[in-house]
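Scroll down for the structure; my scribbles are underneath it.
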Amino acid sequence: MNKKIDKRPRSRGLSNLQSAGEDLQKTVNEKNIEFSTENNIPFSFTLDRNLVLFIKELVLKKINESVENYHFNESSAVREGIQLLSVISPVKQRPEEIGNPTKRGRKSTAAEGVVKVNTSFLISESDREYIYNFIYERQKGGGRFTKEEFFVLVVEQLEKKYKMKVQG
């Protein structure tokens with residue numbers, strides 16, 4: 001008779017409960033997520049028209065400053081604003097189970113008569129993750145924070161750097 005012998009240690013009862021999941025815990029802590037800064041992803045916003053016009057004015061200003069800024073566009077301006085904001089407001093990575101903390105159909109609290117426009121900008125994967133992490137941090141504890149409110153903070157950083165003001 002050829003019996004297979006199981007060489008694994010046998011544990012009975014709950015004696016090894018303290019070490020249960022130890023391997024899983026190590027892999028979770030060692031997992032480090034990296035996002036690309038190279039590729040471009042369209043990211044849409046519904047914004048006050050004046051914020052979009054500010055971005056367009058900034059692009060024209062940069063191009064008029066120097067011929068080397070010829071390739072500077074609206075997406076470049078938004079990416080720069082996100083980088084400026086990330087320097088003064090770093091955030092932690094949100095939990096994996098929270099995919100996208102923004103919700104479709106949220107109404108903004110804009111005053112009546114404010115003209116809204118739908119637009120999108122090409123941003124990197126890491127910028128998108130920063131936006132979602134930032135919004136998640138602001139929404140903790142049941143708070144309300146939208147992509148539009150995030151964009152206002154981005155524009156504020158650009159206003160400070162370039163000493164320009166949003167019209168309206």
Side-chain angles (χ1 to χ4, degrees), residues 29-168:
N29 290 338
E30 291 170 2
K31 188 174 183 183
N32 194 2
I33 302 170
E34 286 192 26
F35 298 98
S36 172
T37 57
E38 301 300 317
N39 57 351
N40 291 320
I41 299 167
F43 197 80
S44 63
F45 293 92
T46 300
L47 302 170
D48 178 344
R49 181 183 64 169
N50 292 325
L51 295 174
V52 177
L53 291 175
F54 171 83
I55 296 295
K56 291 182 181 296
E57 287 175 29
L58 175 60
V59 169
L60 289 175
K61 178 182 177 177
K62 288 280 287 185
I63 291 172
N64 287 331
E65 281 177 0
S66 172
V67 177
E68 287 132 18
N69 295 334
Y70 177 72
H71 294 289
F72 191 81
N73 60 27
E74 288 86 358
S75 294
S76 305
V78 171
R79 286 192 300 265
E80 183 178 349
I82 292 169
Q83 293 307 312
L84 291 169
L85 185 60
S86 69
V87 168
I88 64 163
S89 296
V91 292
K92 293 183 222 164
Q93 178 67 32
R94 69 192 180 283
E96 256 183 69
E97 55 273 5
I98 309 292
N100 176 349
T102 60
K103 294 181 174 67
R104 294 197 81 148
R106 277 208 167 164
K107 299 291 182 198
S108 83
T109 57
E112 199 173 306
V114 174
V115 179
K116 299 283 187 173
V117 292
N118 293 324
T119 189
S120 63
F121 302 100
L122 293 175
I123 61 173
S124 69
E125 239 181 15
S126 65
D127 287 343
R128 180 191 63 191
E129 286 304 307
Y130 175 77
I131 292 170
Y132 286 153
N133 291 335
F134 191 93
I135 291 171
Y136 172 76
E137 286 293 320
R138 290 290 176 105
Q139 289 178 349
K140 273 186 178 175
R144 184 182 171 284
F145 195 81
T146 62
K147 288 194 295 186
E148 181 181 2
E149 291 166 318
F150 175 83
F151 197 81
V152 169
L153 296 176
V154 167
V155 168
E156 285 174 1
Q157 293 307 307
L158 293 170
E159 283 178 328
K160 287 177 189 173
K161 179 174 181 180
Y162 293 103
K163 297 178 181 26
M164 294 174 64
K165 286 287 178 199
V166 173
Q167 304 299 315

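Along the sequence shown, residues are numbered consecutively beginning with 1. Quick note: numbers below take in every heavy atom, side chains included, and nothing from hydrogens, waters or symmetry partners.
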For the [atom1] atom of [X] and the [atom2] atom of [Y], what is their distance to the nearest 0.5 Å?
X	Y	atom1	atom2	result
N73	L58	CG	CG	11.0 Å
N133	K92	CG	NZ	11.5 Å
T119	L51	OG1	CG	11.0 Å
I41	S75	CD1	OG	12.0 Å
F45	K116	CZ	NZ	12.5 Å
Q139	Y132	CD	OH	11.5 Å

Legend entry - Inter- and intrachain pairs under salt bridge (Lys or Arg N to Asp or Glu O under 4.0 Å), touching residues 50-68, at least two apart: K56-E74
Please tabulate, for the side chains in residues 80-90, all donor-acceptor contacts under 3.5 angstrom to protein atoms that are two or more places apart in sequence or on a different chain.
residue : atom : partner : partner atom : Å
E80     : OE1  : Y162    : OH           : 3.0
E80     : OE2  : K161    : NZ           : 2.6
E80     : OE2  : Y162    : OH           : 2.6
Q83     : NE2  : D127    : OD1          : 2.6
S86     : OG   : I82     : O            : 3.4
S86     : OG   : Q83     : O            : 2.8

Donor-acceptor contact below 3.5 Å, side chain [X] vs main chain [Y]:
X	Y	result
R79	L122	yes
E149	T146	yes
R94	G99	yes

Inset, instruction - Output all residues satisfying side chain to side chain contact (heavy atoms under 4.5 Å, CB included) with E156, sequence neighbours left out; order by chain, then residue number. - result: V152, L153, E159
Legend entry - Residues which pass side chain to side chain contact (heavy atoms under 4.5 Å, CB included) with S120, listed by chain and number, not counting sequence neighbours: S44
Legend entry - Donor + acceptor pair across side chains of E129, S126 (<3.5 Å): no
Legend entry - Listed once per pair and sorted, the ring-ring contact (aromatic ring centres under 6.0 Å, His included) pairs that draw on residues 65-96, sequence neighbours left out: none
Inset, instruction - Please name the pair of heavy atoms, one in I63 and one in N69, separated by the smallest distance, quoted to 0.1 Å. - result: CG1-O, 3.3 Å
Legend entry - Minimum heavy-atom distance between V78 and V154, given as atom pair plus value: O-CG1, 4.0 Å
Legend entry - Heavy-atom check, side chain of I135 versus side chain of K147, under 4.5 Å: yes
Inset, instruction - Could you give me the CA-CA distance, side-chain angles and deciding distance for D48 and V166, then say whether side chain to side chain contact (heavy atoms under 4.5 Å, CB included) is met? - result: CA-CA 11 Å; D48 178 344; V166 173; over 6 Å; no
Inset, instruction - Could you list the residues that satisfy ring-ring contact (aromatic ring centres under 6.0 Å, His included) with Y136, not counting sequence neighbours? - result: none
Inset, instruction - Would you please indicate yes or no on a ring centroid separation below 6.0 angstrom for F151 and F43? - result: no
